[in-house]
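Only one structure is covered here, and it is reproduced in the block below.
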Amino acid sequence: MKVFNTLTRKKEEFKPLVAGKVSMYVCGPTVYNYIHIGNARSVIAFDTIRRYFEYRGYDVKYVSNFTDVDDKMINEARKEHTTVAELAERYIKAFIEDTEALNIQPAALHPRATHEIKEIIGFVQDLIDKGYAYEVDGDVYYRARKFPNYGQLSDQNIAELEEGASEHINEEEQNKKEDPIDFALWKAQKEDDEIAWNSPWGKGRPGWHIECSVMSTTYLGDTIDIHGGGQDLEFPHHENEIAQSEAKTGKKFVNYWMHNGFVTVGKKQEKMSKSLHNFVTVHDILKQIDPQVLRFYMSSVQYRRPINYSKDGLKQAETVLKRYQNTLRNLEARLQDETDSLEDSILRDNLTQAKAEFIEAMDDDFNVQNALSVMYDFTSTLNTHLQEDKVDKPALKRAKKILIDWLEIFGVNFNENQAEDDTDIEKMISERDAARKNKDWAESDRLRDRLQARGIVIEDTPQGTRWHRA
């Protein structure tokens, strides 16, 4: 497998720390609002990557955090006249509901910053003891220039970082810092209503960057295989994670850095974000469209590329999904019919070739677009075979498993619940079949209309009548 490593800016052969296992940390949301489609891109992209690793036989330990304390949390809690803890609980619950609807596999662990305060304080104190951090009036800052490779991940030099930092910090903070590029590890409490914990430097709370370093090393070890997140996290968040983690442990923090592309909107393809007020929340969009359609749409572009969110894109994804669903229905129907089976060597060879091509595409840095092209051709081959008078049933059983496994990688599952009135529906279909056999077309049409009114789609095939719910 080849994985694009942001740190080296090239594809590298994936070699896990432990054979057959993958340790994977993905930065989770700051829980002060519902997640929008842009946030969901990262969740979906790395869930798809995780699923493919598992498809290839790896045991994946996947950790994704909740940032449940920071400036945004404090400001939003004040605005809503609630506490940071209550705000966090509400939106963690909403995140879980939204991601379950999108068929996101739960992380092995969802650690929360406020549950790791003791470990965070110990981590910060260790950096102070090693000379990488210093305290000023209850704030603790990291000496970024002391870390020799600072800026490597985001491909920036110290001069660029210093210029950028000078433009974004206020005079009070500037006077506290030894260097403009230094960043906060611990923030002193400024107002009495601010959430805070006791520490050796006074009451305060952790900075944003330190949280993920602590949670990653605590639950996955000092060095991990993969660290993921959106491209906007390369700097400063992930850059700072590397600096503080490697300064503390003296070990390489992450072997493969992976970053997903943005979701854009409109003709100008602006990045979707809360700050630009051009976002659509998952909570709202799922009231309008099938969650599987959104999931498939967001999975259908290679993770490093941007997605331009549009209704046309969603419609196209829905059409493709229906094609796969109909193929599986027709395949199952042919497996259940009473025609004799035959051996089709061409179909069997096509199955073997398609599976190899799918793996080749996904092994190339999870190139889902090429993999989906293989899937599309695969279903065309199947659909042609399904029209034959006799079919290769053992090959179709294998094809069914292959297609279901592939769809699972993209988070798609077509399991249909059985309704209580199936017996009644089957009876009406039998009556319609009898009417057709007797050339009683008026009765046949009447029964078909009744079935359609109940949301039943009828398909008349050479092998008999098939039906499914719309």
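Counting begins at 1 with the first residue of the sequence. Keep in mind that this is a model prediction, so the values were computed, not measured. The analysis underlying the following values was restricted to heavy atoms, covering all of them including side chains, and did not include hydrogens, waters or symmetry mates.
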Output, in order, the C-alpha distance, side-chain angles, deciding distance and verdict of side chain to side chain donor-acceptor pair (under 3.5 Å) for Y52 and D363. CA-CA 9 Å; Y52 183 67; D363 275 3; 2.8 Å; yes
Check whether [Y] forms a cation-pi arrangement with [X] (NZ or CZ under 6.0 Å from the six-membered ring centre, at most 45° off the ring normal).
X	Y	result
K2	F14	no
R143	Y132	no
R304	F4	yes

[X] ring center near [Y] ring center (under 6.0 Å):
X	Y	result
Y91	Y32	no
W406	Y324	no
H238	H209	no

Heavy atoms only: give me the nearest F123-S245 pair and the separation to one decimal. CZ-CA, 4.0 Å
Can you see which heavy atom on Q302 is nearest to which on R41, and at what distance? O-NH2, 3.0 Å
Taking atom CD of E318 and atom OH of Y297, what is their separation to the nearest 0.5 Å? 13.0 Å
With side chain to side chain donor-acceptor pair (under 3.5 Å) as the criterion, how do T6 and H259 come out once you've worked through the C-alpha distance, each side chain's angles and the decisive distance to 0.1 Å? CA-CA 7 Å; T6 308; H259 293 92; 2.8 Å; yes
Assess whether atom [atom1] of [X] is packed by more than 12 heavy atoms of other residues, nucleotides or ligands within 6.0 Å.
X	atom1	value
E80	CD	yes
K390	NZ	no
L342	CG	yes
K393	NZ	yes
Q105	CD	yes

Could you tell me how the ring of F66 sits relative to the ring of F95: parallel (under 30°), tilted (30 to 60°) or perpendicular (over 60°)? perpendicular
Aromatic rings Y303 and F366: how do their planes relate, parallel, tilted or perpendicular, breaks at 30° and 60°? perpendicular
Going by the salt bridge (Lys or Arg N to Asp or Glu O under 4.0 Å) test, name the single residue among D70, D71, D68 that passes it with R205. D71
How far apart are the C-alpha atoms of E89 and R112, what are their side-chain angles, what is the distance that settles it, and do they pass the salt bridge (charged side-chain N to carboxylate O under 4.0 Å, His left out) test? CA-CA 11 Å; E89 289 298 331; R112 297 167 55 166; 2.9 Å; yes
Could you check whether R323 and S380, counting side-chain N and O atoms only, form a donor-acceptor pair closer than 3.5 Å? yes
Do S42 side-chain atoms and N39 backbone N/O form a donor-acceptor pair below 3.5 Å? no
E54 vs R50, test: salt bridge (charged side-chain N to carboxylate O under 4.0 Å, His left out). Steps then yes/no. CA-CA 6 Å; E54 291 173 341; R50 171 193 182 176; 3.5 Å; yes
side-chain contact (heavy atoms from CB on, under 4.5 Å), paired with N308, selected from V263, V301, T264: T264
Check this for me: does any side-chain nitrogen of one of D290 and R295 sit under 4.0 Å from a carboxylate oxygen of the other? no
